Protein chains: 2
Amino acid sequence: MRPAKARVRKRIAGPQRAARTTKPQRSVPRAASGATSTRAKPLALGDLSQLLGYSIRRAQLWIFKEFSRQLAAFEISPAQFSVLCVIDANPGVNQLAVAQLLSIERAGLGRLVDHLEGRGLVRRSASAVNRRYYVLYLTDTGTALLGRLRPAAAASDKALAAKIGPRAYKELQRALSTFVGDA
Amino acid sequence: MRPAKARVRKRIAGPQRAARTTKPQRSVPRAASGATSTRAKPLALGDLSQLLGYSIRRAQLWIFKEFSRQLAAFEISPAQFSVLCVIDANPGVNQLAVAQLLSIERAGLGRLVDHLEGRGLVRRSASAVNRRYYVLYLTDTGTALLGRLRPAAAASDKALAAKIGPRAYKELQRALSTFVGDA
DNA sequence: TATTGTTATACTCTATAACTATA
DNA sequence: TATAGTTATAGAGTATAACAATA
């Protein structure tokens, strides 16, 4: 049998162990020329290698992995860390302002703040000036945790600096500053 | 009433229009000091602004948005484009090799290739040398489409170059080359 | 009528485990 | 026993529409 083919699947959520009644069969074109696939020739990225956008994507994946590794003990995601930082830097900020600053959807940010509040890191208070607002503060627990997150985040950024070199680190910080603050 | 609070939610999937029986009430600390939240003072990013990792994340989000804008007419995501590029550059490659090169899970790549095959862009053939393999090729349709995607992807990368400047573009290409090829 | 926050929903990604066929 | 591909599933993240309360 072939590697279990199900072409043009329907993406349905079937039963847990679906019965494999119909064995997929297809005409096997032996005349596939020199298609060895026996891991000898190195693979090429093609046009991808010329696109800076792809390099940045790969760098970002590496950074999230490194960040998660450094902060694994705290169970804090990059997005959660960014929200804690913004609340810490702007005590009494409201949710929409945080969402806009970080380019997060307000609905998603609401759930994220729910989570942080449930862990006792963030406190929601009613605004005295506009009753539609919540104003956000770090709790003492939140402040204490952020104090421990900061060195870990800095270590993760240092690992990045070590990977690309200190000069490139400075160059990137200057070159990419345009992206921080706008969408 | 307050802004409809449901603190420490349970993340359950309730009925479409859940009855809002319990009106959330909480002690309103008026002594919230100078927490105005009336959009006057500019917000600060806090420690975030010092982390290159955050800048790269923001840059990557911008790039995906720009890429999707340029390729909207083709309904091709960045990930799909990357797979088309790799198959084009390595005719007869097998799925696992593509997954490893692009750091995509093989399960996810299988579904992605399903989609591309369903659109008639990619052809799966049985390997002549190892019957566990599929070998992947672009169809004529896929090759033709990639020919039209290439300029669009290049335009998206040019927009990035225009945003950061040509010198920074070259610097980044050199500095980030370490991330292309490994995890 | 517009705005803040919430809810519900859907879709994509990611990650994992288990399974079939093959080696 | 190990590997390629698939399936199922669960968890995040994202995007949107609609609603309540408030302005």
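When reading the values below, keep in mind they use all heavy atoms of this one structure, side chains included, and skip hydrogens, waters and symmetry mates. None of these values were measured; they are calculated from a predicted model. We name chains A, B, ... by the order of the sequence lines, and we start the count at 1 in each one.
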Atom [atom1] of [X] to atom [atom2] of [N]: distance rounded to whole Å?
{"X": "A:His115", "N": "C:dT6", "atom1": "NE2", "atom2": "C1'", "answer": "18 Å"}
{"X": "A:Gln95", "N": "C:dT3", "atom1": "CD", "atom2": "C1'", "answer": "14 Å"}
{"X": "A:Arg124", "N": "C:dT4", "atom1": "CZ", "atom2": "P", "answer": "16 Å"}
{"X": "A:Leu96", "N": "C:dG5", "atom1": "CG", "atom2": "P", "answer": "6 Å"}
{"X": "B:Arg132", "N": "D:dT6", "atom1": "CZ", "atom2": "C1'", "answer": "14 Å"}
{"X": "A:Arg131", "N": "D:dA20", "atom1": "CZ", "atom2": "P", "answer": "18 Å"}
{"X": "B:Arg106", "N": "D:dT7", "atom1": "CZ", "atom2": "P", "answer": "13 Å"}
{"X": "A:Tyr133", "N": "D:dA21", "atom1": "OH", "atom2": "C1'", "answer": "14 Å"}

C:dT3 OP1/OP2 closer than 4.0 Å to side-chain N/O of A:Asn130: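 Checking C:dT3 against A:Asn130, no side-chain N or O comes under 4.0 Å of OP1 or OP2.
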Counting side-chain heavy atoms from CB outward, which of D:dG5, C:dT6, C:dA23 is closest to A:Tyr134?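 The nucleotide sitting nearest to the side chain is C:dT6.
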B:Ala107, nearest nucleotide to its side chain (from D:dA23, D:dT6, C:dG5):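 Minimum distance to the B:Ala107 side chain belongs to D:dT6.
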Dump the pairs, protein N or O against N or O of nucleotides 12-14 of chain D, anything under 3.5 Å, distances to one decimal.
| residue | atom | partner | partner atom | Å |
| --- | --- | --- | --- | --- |
| D:dT14 | OP1 | B:Arg57 | NH2 | 3.4 |
| D:dT14 | O4 | A:Arg111 | NH2 | 3.2 |

Ion pair present between B:Arg124 and B:Glu117, side-chain N to carboxylate O less than 4.0 angstrom?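 Counted as a salt bridge, because a side-chain N and a carboxylate O are separated by less than 4.0 Å.
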Are B:Arg174 and A:Glu171 ion-paired here, with the side-chain N under 4.0 Å from a carboxylate O?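 Answer for the salt bridge query: yes.
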Flag the pair A:Phe81 / A:Phe67 as yes when their ring centroid distance falls below 6.0 Å, and as no otherwise.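 Ring centroids of A:Phe81 and A:Phe67 are less than 6.0 Å from each other.
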Do we see a donor-acceptor contact under 3.5 Å between the side chains of B:Asp157 and B:Tyr169?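 A donor-acceptor contact under 3.5 Å links the two side chains.
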Can you check whether A:Val98 reaches A:Ile104 side chain to side chain, under 4.5 Å on heavy atoms?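 A:Val98 vs A:Ile104: side chains apart.
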Does the side chain of A:Leu160 come within less than 4.5 Å of B:Phe179's, by heavy atoms?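 In short, these two side chains touch, coming nearer than 4.5 Å.
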Could you walk me through whether A:Arg106 and A:Gln100 pass the side chain to side chain donor-acceptor pair (under 3.5 Å) test, one step at a time? CA-CA 8 Å; A:Arg106 57 183 176 160; A:Gln100 288 171 341; over 6 Å; no
